Amino acid sequence: MVDKYVVGLMSGTSADGIDAVLTRIKDSGDQTELEVLDFETIPYTQEMQKKIFTAMDPDRSSSPLICSLNFELGYCFADAVKSLCHHAHFSIDRVDLIGSHGQTIYHIPDSDETYLASTLQIGEPAVISYETRTPVASNFRVMDMAAGGQGAPLIPYVDYLLFRNLERTIALLNIGGISNITVLPKRGTLRSVQAFDMGPGNMIIDELVRKFYGRPYDRNGNFAKRGKVIKQILKTLMNDSYFVKKPPKSTGRERYGKQYAEWMVENWRDQNSDDLIATATCFTAKAIFKNYQDFIQSKNPVDEIWVSGGGSHNPVLIGWLQTMLPDVTIKTFESNRLNADAKEAAAFAVLANEMVHQQPANVPTATGAKEQLILGNYTPFTGMKNRILIGG
């Protein structure tokens with residue numbers, strides 16, 4: 001089986017930049033072998049981040065803005081590929097395939113009286129393909145939703161391929177804008193994988209820090225360290241219907257983003273800013289703990305939790321989580337194949353490889369889809385550099 005050089009691109013709900021990873025992938029499915037060759041995060045400019053946040057806001061967004069931003073982000077993603085290849089001293093002509101998650105603008109996991117269950121990721125793949133002269137796999141979530149799933153989480157399939165273990169039950173906890181978990185039971189099959197979004201991650205914390213201090217996030221948890229948790233506020237925050245909802249379930253910025261942070265500030269305007277940040281940080285840990293206690297512990301008690309995402313760099317958050325789960329070993333994601341920050345971008349490189357090999361790649365027990373399906377849309381490049389990869 002010929003190795004493929006695949007670039008994975010990820011921009012999460014925090015919208016702080018593009019994670020780009022260069023990988024070498026051999027084979028597919030259960031035989032997948034992944035090697036990370038290089039990784040880089042390309043921050044968005046303040047202007048671009050502002051556009052993304054505006055597009056996400058139902059009260060300020062518009063059709064012209066989303067239409068234009070779709071192409072603008074396509075160029076940003078293409079530039080990220082070029083930057084990564086330059087950083088790796090790797091000719092872009094050698095890249096076989098790009099897997100792009102895109103930027104989520106809105107996610108509606110469940111239908112209601114007004115809106116149909118749906119999701120929208122933008123970052124035009126045709127622009128990425130043309131600018132890099134490389135085929136692109138993208139739009140991975142929609143097929144799962146077409147089959148009645150929530151389109152999230154998608155990473156559990158990759159977690160199972162790469163990290164299943166015969167001796168221990170491992171939980172892979174990603175604390176990005178939203179917290180999500182994959183539980184891999186020892187000696188388990190794909191059908192035994194348990195995965196879902198647990199609720200808030202860094203988004204509420206980031207928004208509070210941005211409002212109070214004009215900084216993008218709480219570096220090393222410094223503001224949370226200075227504050228104290230306000231127990232009555234924490235109790236109010238934990239009375240959240242999302243936490244009692246049984247998996248499969250997913251959520252996003254629509255629920256735990258800027259509007260949530262503004263609601264906190266408005267309701268507790270007399271409170272110290274560091275105390276609110278500390279309370280929001282503890283809220284993230286407590287939400288993870290409650291979901292674990294209610295939906296995982298009795299079914300698949302874990303031996304170890306490996307933490308990735310921006311939250312893995314917040315020692316206050318991780319410290320509270322360890323205090324709440326004293327019998328579980330909690331550590332920063334570890335693998336000789338990829339680091340904590342590169343994990344999600346690498347997952348979309350793997351999903352792109354699965355798509356061109358025509359391998360089903362969702363986990364119905366995690367998303368609620370009716371069946372396993374091939375995920376993603378394929379955008380070929382038909383110019384001078386053209387590699388037909390589907391099926392190969």
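Everything numeric in this text was worked out from a predicted model, so none of it was measured. Along the sequence shown, residues are numbered consecutively beginning with 1.
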Q: Please determine, by modelled atom types, if E131 and S129 share a side-chain donor-acceptor pair under 3.5 angstrom.
A: no

Q) Should we count CE of M143 as having more than 12 external heavy atoms under 6.0 Å? A) no

Q: Take T189 and Y160, measure what side-chain hydrogen bond (donor to acceptor under 3.5 Å, both in side chains) needs, and give me the verdict at the end.
A: CA-CA 8 Å; T189 65; Y160 173 77; 5.8 Å; no

Q | Sub-4.5 Å side-chain heavy-atom contact between S308 and L173 | A | no

Q | Pairing of R210 and D206 as salt bridge, 4.0 angstrom limit | A | no

Q.
If you apply the rule side-chain contact (heavy atoms from CB on, under 4.5 Å), what do you find for Q293 with M324, and how did you get there?
A. CA-CA 10 Å; Q293 194 176 44; M324 294 172 193; over 6 Å; no

Q.
Quiz question: by atom type and distance under 3.5 Å, do the side chains of T367 and Q150 form a donor-acceptor pair?
A. no

Q) Q49 and T45: side-chain donor and acceptor closer than 3.5 Å? A) no

Q. Is there a donor-acceptor contact under 3.5 Å linking the side chains of Y256 and D240?
A. yes

**Q.** T329-E304 side chain donor-acceptor pair, cut-off 3.5 Å
**A.** no

Q.
Distance alone, cut at 3.5 Å: any donor-acceptor contact between the side chains of H313 and N220?
A. no

Q | Side-chain donor or acceptor of Q372 paired with backbone N/O of N362 under 3.5 Å | A | yes

Q. Any side-chain donor paired with an acceptor under 3.5 Å for E40 and S83?
A. yes

Q: Measure the shortest side-chain to side-chain distance between H357 and K4 over non-hydrogen atoms and say whether it is less than 4.5 angstrom.
A: yes

Q: Dump the intermediate steps for side-chain contact (heavy atoms from CB on, under 4.5 Å) on K225 and N222, then the final yes or no.
A: CA-CA 5 Å; K225 280 179 196 172; N222 288 329; 3.6 Å; yes

Q) Can you list the steps and then say if S192 with Q194 is a side-chain hydrogen bond (donor to acceptor under 3.5 Å, both in side chains)? A) CA-CA 6 Å; S192 67; Q194 191 177 7; over 6 Å; no

Q) Going by atom types alone, do N353 and Q359 pair a side-chain donor with an acceptor below 3.5 Å? A) no

Q. Can Y157 and E354 be counted as having a side-chain donor-acceptor contact under 3.5 angstrom?
A. yes

Q: Might you point out which heavy atoms bring A345 and V21 nearest each other, and give the distance in Å?
A: C-CG1, 3.5 Å

Q.
Determine whether a donor-acceptor pair (N or O, by modelled atom type, separation under 3.5 Å) exists between the side chain of D38 and the backbone of A88.
A. yes

Q. Just by distance, with hydrogens left out, do T41 and D19 show a side-chain donor and acceptor under 3.5 Å apart?
A. yes

Q) Should we count CZ of F243 as having more than 12 external heavy atoms under 6.0 Å? A) yes

Q.
Pairing donors with acceptors under 3.5 angstrom, does anything connect the side chains of Y217 and R215?
A. no

**Q.** Parallel, tilted or perpendicular: ring planes of H89 versus H86, cut at 30 and 60 degrees
**A.** tilted

Q: I would like to know whether L73 and F77 meet side-chain contact (heavy atoms from CB on, under 4.5 Å); could you show each step before the answer?
A: CA-CA 6 Å; L73 282 171; F77 285 123; 4.2 Å; yes

Q: State whether the side chain of T119 and the backbone N or O of H107 hold a donor-acceptor pair below 3.5 Å, judged by distance alone.
A: no

Q) Is it true that F90 and Y5 have ring centroids separated by less than 6.0 Å? A) yes

Q) Does K246 reach the side chain of F295, with side-chain heavy atoms less than 4.5 Å apart? A) yes

Q: Answer yes or no: are there more than 12 heavy-atom neighbours, outside R60 itself, under 6.0 Å from its atom CZ?
A: yes

Q. Side chains of S273 and Y213: donor-acceptor distance under 3.5 Å anywhere?
A. yes

Q: Establish, from distance only, whether the side-chain atoms of K245 and N291 form a donor-acceptor pair under 3.5 Å.
A: no

Q. Pick from N180, I181, D159: which one makes a side chain to side chain contact (heavy atoms under 4.5 Å, CB included) with N174?
A. N180

Q.
Tell me whether E35 is salt-bridged to K26, with the criterion being a basic N under 4.0 Å from an acidic carboxylate O.
A. no

Q: I would like to know whether K343 and W306 meet side-chain contact (heavy atoms from CB on, under 4.5 Å); could you show each step before the answer?
A: CA-CA 11 Å; K343 179 177 178 286; W306 297 0; over 6 Å; no

Q. Less than 4.5 Å apart, any side-chain heavy atom of D144 and any of L373?
A. no

Q: Check whether any side-chain heavy atom of L184 sits under 4.5 Å from a side-chain heavy atom of N165, and report yes or no.
A: no

Q: Using a 4.5 Å cut-off on heavy atoms from C-beta on, say whether the side chain of I233 contacts that of L276.
A: yes

Q: For the residue pair T169 and N300, confirm or rule out a side-chain donor-acceptor distance under 3.5 Å.
A: no

Q | side-chain hydrogen bond (donor to acceptor under 3.5 Å, both in side chains) between W320 and Q322, worked out | A | CA-CA 5 Å; W320 272 324; Q322 185 65 83; over 6 Å; no

Q | Other residues, nucleotides, ligands: >12 heavy atoms within 6.0 Å of K286 NZ | A | no

Q: Over all heavy atoms of both residues, which pair between M355 and L375 is shortest? Give the atoms and the distance, please.
A: CG-O, 3.0 Å

Q.
Ring centres under 6.0 Å, that's the criterion: do F333 and F163 meet it?
A. yes

Q) Do the charged groups of D303 and R168 touch, with an N to O distance under 4.0 Å? A) no

Q. Hey, is the main chain of I25 close enough, under 3.5 Å, to the side chain of T23 for a donor-acceptor pair?
A. no

Q. Nearest heavy-atom pair of N139 and Q121: which atoms, and what distance?
A. OD1-OE1, 4.2 Å

Q: Evaluate the side-chain proximity of T134 to D96: yes if any heavy-atom separation is below 4.5 Å, no if none is.
A: no

Q: Classify the side-chain pair H101/R141 by whether it contains a donor and acceptor separated by less than 3.5 Å.
A: yes

Q) Quick one: does V307's side chain get under 4.5 Å of I318's, heavy atoms only? A) yes

Q. So, K228 and D275, do they make that salt bridge, N to O below 4.0 Å?
A. yes

